[in-house]
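Sequential numbering from 1 along the given sequence is applied to the chain's residues.
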Amino acid sequence: MAENSSDTCGSVYRRCLTHSTGGKTQSTSNGASKWVRLNVGGTYFLTTRQTLCRDPKSFLYRLSQADPDLDSDKDDTGAYLIDRDPTYFGPVLNYLRHGKLVLNRELAEEGVLEEAEFYNITSLIKLLKDKIRERDCKTSQAPVKHVYRVLQCQEEELTQMVSTMSDGWKFEQLVSIGSSYNYGNEDQSEFLCVVSKELHNQSYGPNSEPSEKAKVRLWEQSSRPSSGNY
């Protein structure tokens, strides 16, 4: 449970720790408070000591036991200060609560893995590594798709256009479509330049779909005999 207001956290904390009849602090058998407040990167989390103790090898277990060898500071409200990203701490804490890994779509597994390794939660580390391996395996086995583009250019632009291609685009074919105009005593020819790009596990958009009309035009041009074809 994440809270953005220290006042709200303090109110919830007091309600959780106080008996409705006697106003005494609820404690475990060793006198330690049942509830623990964490200040993770400026965001407050309220959880139980039992939740933090799910993995006896973890940093959070040692924190909840008030390990004297653990250098842990508290803020003015009594919350343990942890200088980590609260966005990725949420899934880690929820995993300790119910034993399941639940991620929002915008959260990367690698980010949660980084936090799991920091807190040394061994079972979560293994689970995340398995999920990342499975995801990468599916990506590598996805069929490779090709996108084609047909660019029309003038003779004097050919060298610059081919030499400046980037972002994975590769030259495929060059087809002459004849002279377009005369400049002085020289004929300036125009060409169709075909380029392609590989897409791995990506969805096609309006700017990446191959043009069927362009393919037909290319086929018609390449079928005609021309001394300018390559």
Measure the spacing between [atom1] of [X] and [atom2] of [Y] and express it to the nearest 0.5 Å.
X	Y	atom1	atom2	answer
Asp76	Leu81	CG	CG	9.0 Å
Glu172	Ser196	CD	OG	3.5 Å
Phe45	Thr51	CZ	OG1	13.5 Å
Ser123	Arg54	OG	CZ	11.0 Å
Arg62	Gln65	CZ	CD	11.0 Å
Arg105	Leu103	CZ	CG	12.5 Å

Given side chain to side chain contact (heavy atoms under 4.5 Å, CB included), test Lys131 with Leu101 step by step and report yes or no.
CA-CA 10 Å; Lys131 288 182 69 67; Leu101 177 62; 3.6 Å; yes
Determine all donor-acceptor pairs shorter than 3.5 Å in which one atom belongs to a side chain in residues 85-93; sequence neighbours excluded.
from: Asp85; atom 1: OD1; to: Thr87; atom 2: N; distance (Å): 2.9
from: Asp85; atom 1: OD1; to: Thr87; atom 2: OG1; distance (Å): 3.3

Which heavy atom of Leu38 sits nearest a heavy atom of Ile82, and at what distance?
CD2-CD1, 4.4 Å
Tightest non-hydrogen contact, residues Tyr61 and Asp55, listed as CB-O, 3.2 Å
Would you say that [X] contacts [Y] through its side chain, given a criterion of any heavy-atom pair below 4.5 Å between the two side chains?
X	Y	answer
Leu113	Ile132	yes
Phe191	Leu174	yes
Tyr95	Val112	no
Val147	Trp169	yes
Tyr80	Val36	yes
Thr77	Arg37	yes
Leu46	Trp35	yes

side-chain hydrogen bond (donor to acceptor under 3.5 Å, both in side chains) partners for [X], two or more places apart:
X	value
Lys197	Asp167
Arg133	Asp130
Lys170	none

Asn104: what forms a side chain to side chain contact (heavy atoms under 4.5 Å, CB included) with it, not counting sequence neighbours?
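So Asn104 forms a side chain to side chain contact (heavy atoms under 4.5 Å, CB included) with Glu106, Leu107.
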Side-chain donor or acceptor of Asp75 paired with backbone N/O of Asn39 under 3.5 Å
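It does not hold such a pair.
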Going by salt bridge (charged side-chain N to carboxylate O under 4.0 Å, His left out), name the pairs with one or both residues in residues 109-122, residues two or more places apart or in two chains.
Arg84-Glu115, Glu109-Arg135, Glu110-Arg135
